[in-house]
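Numbers here are sequence positions counted from 1. Computed over heavy atoms, backbone and side chain alike; hydrogens, waters and symmetry mates excluded. Everything quoted here is computed from the prediction, not taken from an experiment.
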Amino acid sequence: RRLYMKKKKGFTLVELMVVIAITAVFGAIVLMISTTSGKLFSMTQRDSYINDEARLALSVLEEDLRIGKNVDHSIDYLSGDDEITIGGVTVPNCKDIGLPEGQFKILLKANIRGELYYYIHYANKLEKMKLEVGRFKTINTINNVKEGGISKNLSDPTDKRYFVGFRFEDSRGDTTVYSTVVMPRN
C-alpha cells in the first residue's frame with residue numbers, strides 16, 4: 001500500500017518572502033512619488049502666492065497711474081526724521097504724519113479723485129498711503145517687494161507712458177520680476 005501524503009494548501013516561505021519584497025518596492029515607489037508631489041505642491045503654492053502679490057501690486061498701481069492727476073514719479077529718499085513739504089506745508093519730521101520711521105523712498109505721488117496718495121517702499125514692502133487730515137494712512141501693503149520703480153521716457157517728452165518694474169523676493173530668496181507699461185487716460 002502506498003501512502004499518499006496530502007498536499008497542504010498555502011504558500012511556502014520563499015513565496016511569502018518574494019511577495020513581501022515586491023510589496024516593499026512598490027510601497028517605496030508610492031511613498032517617493034507622494035513625497036515629491038507634496039514638495040512640488042508646496043513650492044507651487046509659494047510661487048503662486050508671490051505671483052498673486054505681484055499682480056495685485058501692479059494692478060492697483062496701474063489703475064492709479066491711468067487715472068491720477070499731477071503724478072510725480074521722481075524718487076525721494078527720506079527717513080522718519082527728515083522734513084517734508086506737502087502742498088506748501090513743511091512738516092519737521094516725516095514720522096509725525098504717519099510716514100515710516102526708518103529709511104524709505106517715495107516712488108510716486110498722485111492726486112487720485114481729488115485725494116493725495118503716496119506709494120512708499122521700505123523694509124521689503126510697498127505701501128499705498130493716503131493723506132487724511134494731516135496724517136498718512138496705509139491703504140494697501142504689498143510684501144516681498146525687494147526693489148522697483150516707475151519711470152518715463154525722458155528722451156521723448158511727448159511719450160506719456162509710465163514704465164513700471166518691481167522685483168519680488170520670497171523668504172527662500174527666489175525672485176520674480178514684473179514689469180509693465182501704463183498709458184495714462186488724461
Side-chain angles (χ1 to χ4, degrees), residues 46-95 97-186:
R46 278 193 300 265
D47 291 347
S48 176
Y49 173 76
I50 200 165
N51 287 335
D52 289 346
E53 286 279 307
R55 271 194 298 277
L56 174 64
L58 288 181
S59 68
V60 170
L61 184 57
E62 284 176 7
E63 184 62 21
D64 287 349
L65 283 170
R66 279 191 189 97
I67 65 173
K69 303 227 186 288
N70 302 326
V71 174
D72 179 2
H73 66 281
S74 60
I75 296 176
D76 293 328
Y77 294 90
L78 299 170
S79 76
D81 295 324
D82 289 342
E83 96 176 7
I84 188 169
T85 302
I86 301 170
V89 177
T90 300
V91 178
N93 292 312
C94 292
K95 63 184 176 192
I97 58 171
L99 291 172
E101 291 189 18
Q103 298 288 323
F104 64 93
K105 65 181 176 180
I106 299 173
L107 297 177
L108 179 72
K109 301 172 214 159
N111 184 327
I112 302 165
R113 296 182 190 102
E115 297 178 304
L116 182 61
Y117 290 89
Y118 277 33
Y119 278 86
I120 296 175
H121 180 249
Y122 71 102
N124 289 342
K125 295 179 191 175
L126 178 65
E127 288 194 348
K128 178 181 178 181
M129 302 181 93
K130 177 181 174 185
L131 185 61
E132 291 182 346
V133 195
R135 279 192 71 72
F136 279 93
K137 176 183 174 191
T138 300
I139 303 299
N140 193 4
T141 300
I142 306 299
N143 295 310
N144 302 317
V145 180
K146 190 69 176 172
E147 61 187 0
I150 303 153
S151 62
K152 287 187 95 170
N153 182 356
L154 298 178
S155 63
D156 182 3
T158 62
D159 188 356
K160 296 184 182 215
R161 297 176 299 168
Y162 293 99
F163 299 91
V164 180
F166 287 97
R167 185 167 64 94
F168 295 82
E169 184 174 279
D170 66 11
S171 59
R172 296 174 304 162
D174 294 338
T175 61
T176 303
V177 176
Y178 278 90
S179 59
T180 187
V181 178
V182 179
M183 180 63 120
R185 290 184 187 146
N186 49 21

Q: Would you tell me whether Thr175 and Glu169 have side-chain atoms, one donor and one acceptor, within less than 3.5 Å of each other?
A: no
Q.
Keeping His121 on the side-chain end and Gly148 on the backbone end, is there a donor-acceptor pair under 3.5 Å?
A. no
Q | Other residues, nucleotides, ligands: >12 heavy atoms within 6.0 Å of Arg172 CZ | A | yes
Q) So how far is it from Leu108 CG to Asp76 CG, rounded to the nearest 0.5 Å? A) 11.0 Å
Q. Can you tell me if Ser74 and Asp72 form a side-chain donor-acceptor pair at under 3.5 Å?
A. yes
Q: Calculate, to the nearest 0.5 Å, the distance between atoms CE and CZ belonging to Met129 and Arg135 respectively.
A: 8.5 Å
Q: Return the minimal non-hydrogen interatomic distance between Leu58 and Ser179, and the atom names on each side.
A: CD1-N, 4.5 Å
Q.
Are the side chains of Glu62 and Val164 in contact, using a 4.5 Å heavy-atom criterion?
A. no
Q: For Asp82 and Leu78, work out which heavy atoms get closest and say how close.
A: OD2-CA, 3.3 Å
Q) Of Leu107, Ile150, Val182, which meets side-chain contact (heavy atoms from CB on, under 4.5 Å) against Leu61? A) Ile150
Q) For the residue pair Lys152 and Asp159, what are the closest heavy atoms and their distance? A) CE-O, 4.0 Å
Q | Nearest-0.5 Å distance, OG of residue Ser79 to NZ of residue Lys105 | A | 15.5 Å
(Q) Quick one about Glu83 and Thr90 (side-chain donor to acceptor, distance below 3.5 Å, no hydrogens or angles considered), yes or no? (A) no
Q: Taking all heavy atoms of Leu65 and all of Pro184, pick out the closest pair and write down the distance.
A: O-CB, 3.7 Å
Q. Which is it for Lys95 and Asp81 under the side chain to side chain contact (heavy atoms under 4.5 Å, CB included) test, yes or no, and what are the steps along the way?
A. CA-CA 7 Å; Lys95 63 184 176 192; Asp81 295 324; 2.8 Å; yes
Q) Rounded to the nearest 0.5 Å, how far apart are OG1 of Thr176 and CG of Asn144? A) 9.5 Å
Q) How far does NZ of Lys160 sit from CG of Asn153, to the nearest 0.5 angstrom? A) 13.5 Å
Q) Passes side chain to side chain contact (heavy atoms under 4.5 Å, CB included), Asn124 versus Lys146? Steps please. A) CA-CA 5 Å; Asn124 289 342; Lys146 190 69 176 172; 3.7 Å; yes
Q: Verify salt bridge (charged side-chain N to carboxylate O under 4.0 Å, His left out) between Arg167 and Glu147, making sure each step is shown before the conclusion.
A: CA-CA 5 Å; Arg167 185 167 64 94; Glu147 61 187 0; 3.1 Å; yes
(Q) Tell me every residue that passes side-chain contact (heavy atoms from CB on, under 4.5 Å) with Asp64, counting only those two or more places apart in sequence or in another chain. (A) Val60, Ile112, Tyr119, Lys128
Q: Please list all pairs passing the ring-ring contact (aromatic ring centres under 6.0 Å, His included) test where one or both residues lie in residues 122-180, with sequence neighbours left out.
A: His73-Tyr162, Tyr118-Phe136
Q.
Quick check for you: to the nearest 0.5 Å, what is the distance between Asn143 atom CG and Glu127 atom CD?
A. 8.5 Å
Q) Below 4.5 Å, heavy atoms only, C-beta onward: do Ile120 and Pro100 meet side chain to side chain? A) yes
Q | Stepwise side chain to side chain contact (heavy atoms under 4.5 Å, CB included) check, Ile86 with Val91 | A | CA-CA 8 Å; Ile86 301 170; Val91 178; 5.6 Å; no
Q) In terms of heavy-atom contacts, does CD of Glu63 have more than 12 from other residues, nucleotides or ligands at under 6.0 Å? A) yes
